[in-house]
Amino acid sequence: MYQFLVLLHLIAAVTWLGGMLFLLMVMIPLARRNEAVGFGVLRSAAEKFVWIAWAAKIVLAGTGVYLAWTYWNVRPDTFFTGDTHFLDYLQRKTGIFIIVVVLSAAHDFWLGPRMMDRLEAARSSGSPLPTGPARLFVQWAARINLVLVIWVVAFAVWMTRP
């Protein structure tokens, strides 16, 4: 059962991070090159991926808590007061994961959809695409989120060996 749960945890992490990287490296550049149809395709891909990403986050949280509780005997008292290499990295990983979940919620359900609405409205009216602080904030929120997710994965690796 342990190996199955670790495999499930890893598949969820790969799905989430891989999807983020695909959107960043493939979909966004394609959308920018072909603005006439690109932003609509990007929006469709993002709307599909957001539910996959949230399912992955739920699987990560569930399997992570279960593995920590059942196999590593981490309880709330030891999680917050323990002083081991493993717990140190588990605390960091958990803290960053919580920040990522909050940032993801803001980006996925508020910032991103509003910006895509503005981009599509500008494209359909022939107006210039929106620029400025709002667009930069959406872009930087996604980039920061990606870097934080990579840190979560790095902490997962570092917590296994001192």
Worked check of side chain to side chain contact (heavy atoms under 4.5 Å, CB included) between Ile99 and Trp151:
CA-CA 12 Å; Ile99 292 168; Trp151 273 104; over 6 Å; no
For residues Tyr66 and His9, determine if any side-chain heavy atom of one lies less than 4.5 Å from a side-chain heavy atom of the other.
no
Mind checking whether Val26 and Val149 sit in one hydrophobic cluster, side chains of I, L, V, M, F, W, Y counted as touching below 4.5 Å?
yes
Take the angle between the ring planes of Trp158 and Phe155 and call it parallel below 30°, perpendicular above 60°, tilted in between.
perpendicular
Give the C-alpha distance, both sets of side-chain angles, the deciding distance and a yes or no for ring pair (Phe, Tyr, Trp, His ring centres under 6.0 Å) between Trp51 and Phe109.
CA-CA 11 Å; Trp51 298 109; Phe109 301 117; 5.7 Å; yes
Taking everything shown except Trp54 itself, do over 12 heavy atoms lie less than 6.0 Å from its CH2?
yes
Tell me which pairs pass salt bridge (Lys or Arg N to Asp or Glu O under 4.0 Å) where either residue lies in residues 89-99, with sequence neighbours left out.
Asp88-Arg92
Side-chain heavy-atom pair Gln91, Thr94 within 4.5 angstrom cut-off:
no
Taking all atoms of both residues into account, what is the closest heavy-atom pair of His107 and Ala142, and its distance?
NE2-CB, 3.7 Å
Contact check, side chains of Val100 and Trp16, non-hydrogen atoms, under 4.5 Å:
yes
Grab the two heavy atoms, one from Ala56 and one from Ala12, that are nearest each other, plus how far apart they are.
CB-O, 3.5 Å
Atom CD1 of Ile96 and atom CD1 of Ile150: how far apart are they, to the nearest 0.5 Å?
11.5 Å
More than 12 heavy atoms of other groups within 6.0 Å of Asp83 CG:
no
Identify the heavy atoms of Ala45 and Leu23 that sit nearest to each other, and give their distance.
CB-CD2, 4.2 Å
CG (Leu87) and OG1 (Thr81) are apart, to the nearest 0.5 Å, by 8.5 Å
Answer yes or no: is there a side-chain heavy-atom contact under 4.5 Å between Ile144 and Leu148?
yes
For Phe49 and Thr15, work out which heavy atoms get closest and say how close.
CE1-O, 3.8 Å
Taking a hydrophobic cluster as the set of Ile, Leu, Val, Met, Phe, Trp and Tyr residues connected by side-chain heavy atoms closer than 4.5 Å, whether directly or through intermediates, do Leu24 and Leu17 fall within one such cluster?
yes
Does one hydrophobic cluster hold both Leu67 and Ile98, with members joined at side-chain heavy-atom distances below 4.5 Å?
no
Determine whether Pro29 and Arg33 make a side-chain contact, defined as any pair of heavy atoms from C-beta on separated by less than 4.5 Å.
yes
Could you state the interatomic distance from CG (Leu10) to CG (Leu5), rounded to the nearest 0.5 Å?
11.0 Å
Which value, rounded to the nearest 0.5 Å, describes the distance between Phe4 atom CZ and Thr63 atom OG1?
10.0 Å
Below 30° counts as parallel, above 60° as perpendicular, anything between as tilted: where do the rings of Tyr2 and Trp72 land?
perpendicular
Arg143, CZ atom: more than 12 neighbouring heavy atoms under 6.0 Å:
yes
For Met20 and Leu146 the tightest heavy-atom approach is CE-CA, 3.4 Å
Check whether Val152 and Ile58 end up in the same hydrophobic cluster, where Ile, Leu, Val, Met, Phe, Trp and Tyr are linked by side-chain heavy atoms less than 4.5 Å apart.
no
In terms of hydrophobic clusters joined by side-chain contacts under 4.5 Å, are Leu7 and Val59 together?
no
Evaluate the criterion side chain to side chain contact (heavy atoms under 4.5 Å, CB included) for residue pair Asp117 and Arg43; output intermediate values, then yes/no.
CA-CA 9 Å; Asp117 288 342; Arg43 183 176 201 153; 2.6 Å; yes
Using distance alone, with no hydrogens and no angle criterion, decide if Asn73 and Thr78 have a side-chain donor and acceptor under 3.5 Å apart.
no
